[in-house]
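To start, the structure itself, in structure tokens.
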Amino acid sequence: MRVRITFAKTDLMRFTGHLDLHRAWERLIRRAGLPLAYSQGFSPHPRINLASALPLGFTSDCELVDIWLEQEITTEEIRLALAQAAPPGILILVVVPVDDRLPALQTVVEASEFSVTFLDPADDLDARCLSMMAAESLPRHWRSKPYDLRQLILDLRLLPDDDQGHRRMQVTLSAREGATGRPEEVIAALGTIPESTRVHRERLIFKETVLAAG
């Protein structure tokens with residue numbers, strides 16, 4: 001049985017990396033008493049598939065994970081068991097069954113939509129965003145490799161200020177294999193220190209409809 005879980009990663013887990021989050025899910029499923037399935041072969045691995053790595057320090061309320069169970073259980077039973085066993089920082093939102101023949105989540109993610117809150121004053125943010133979107137290219141380096149950040153920015157727009165008067169923007173970035181845009185690179189290209197912002201993933205965008213129940 002394959003089920004797809006939508007969950008939130010909150011402030012209490014925002015400094016948990018992708019590999020540690022995978023391990024946290026394995027522990028969570030065990031604590032919940034669910035019959036987690038394992039891969040076949042000499043070195044079996046738990047069948048857990050996270051959709052897209054969330055960079056360290058970010059939060060989200062749209063994360064997706066597929067898990068495989070060895071027996072059929074109602075999704076409501078699964079949701080309740082996971083919600084009761086979840087550690088601080090993980091909130092279980094939705095559980096649905098999916099067709100086992102669907103492709104792996106990470107192979108069909110096309111883009112991610114983020115909101116960025118600027119904790120320091122950013123009075124000229126409007127002009128900086130306009131200049132960025134008007135640029136033909138934005139040469140950057142990631143791990144010593146050159147790339148064009150502008151080609152990875154699918155959309156960028158300003159949002160209303162938050163209750164504390166902090167400036168906010170929304171950016172949609174390519175998340176395809178070999179062409180993934182990173183919000184911290186956009187923030188740095190705007191002339192702001194990434195550490196002076198808060199980034200929240202709002203939405204995962206897929207190449208095709210992969211959220212349908214089985």
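Please read all numbers here as calculations on a predicted model, not as lab measurements. Quick note: residue numbers are just sequence positions, from 1.
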Task: Donor-acceptor pair between Gln170 and Ser115 side chains, under 3.5 angstrom - done: no
Task: Under 3.5 Å side-chain donor-acceptor pair for Ser137 and Arg150 - done: no
Task: Pair Arg167 + Asp126, salt bridge at N-O below 4.0 Å - done: yes
Task: Check ion pair Asp162-Arg168 (N to O, under 4.0 angstrom) - done: no
Open item on the list: Set out, in order, the CA-CA distance, both residues' side-chain angles and the distance that settles side-chain hydrogen bond (donor to acceptor under 3.5 Å, both in side chains) for Thr59 and Arg14, then state yes or no.
Closed with: CA-CA 6 Å; Thr59 56; Arg14 70 187 185 97; over 6 Å; no
TODO: Assess whether atom CD1 of Ile193 is packed by more than 12 heavy atoms of other residues, nucleotides or ligands within 6.0 Å.
DONE: no
- [ ] Please round to the nearest 0.5 Å and tell me the distance separating atom CG of Leu158 and atom CG of Leu130.
- [x] 7.5 Å
Open item on the list: Would the distance check show the side chain of Arg31 and the main-chain N or O of Ala85 forming a donor-acceptor pair, the cut-off being under 3.5 Å?
Closed with: yes
Task: Residues Arg79, Glu76; criterion salt bridge (charged side-chain N to carboxylate O under 4.0 Å, His left out); working and verdict - done: CA-CA 5 Å; Arg79 188 190 66 79; Glu76 182 59 14; 2.7 Å; yes
Task: Nearest heavy atoms of Lys9 and Thr16, plus distance in Å - done: NZ-O, 2.6 Å
Task: Trace of the side-chain hydrogen bond (donor to acceptor under 3.5 Å, both in side chains) decision for Asp100 with Trp68 - done: CA-CA 9 Å; Asp100 195 51; Trp68 281 257; 2.5 Å; yes
Open item on the list: Taking the six-membered ring for Trp, are Trp25 and Phe7 closer than 6.0 Å centroid to centroid?
Closed with: yes
Open item on the list: Any salt bridge linking Arg101 with Asp99? Criterion: basic side-chain nitrogen under 4.0 Å from a carboxylate oxygen.
Closed with: yes
Open item on the list: Is there a side-chain contact (heavy atoms from CB on, under 4.5 Å) between Arg23 and Leu21? Walk through the geometry before answering.
Closed with: CA-CA 5 Å; Arg23 296 186 189 103; Leu21 181 63; over 6 Å; no
Task: N-O pairing of Glu110 and Arg176 below 4.0 Å - done: no
- [ ] Kindly compute the distance separating CD (Gln71) from CG (Leu34), expressed to the nearest 0.5 Å.
- [x] 9.0 Å
Task: Distance-minimising heavy-atom pair for Met1 and Ile73 - done: CE-O, 2.9 Å
Task: Distance in Å, Phe58 CZ paired with Arg201 CZ, rounded so as to fall on 0.5 Å steps - done: 9.0 Å
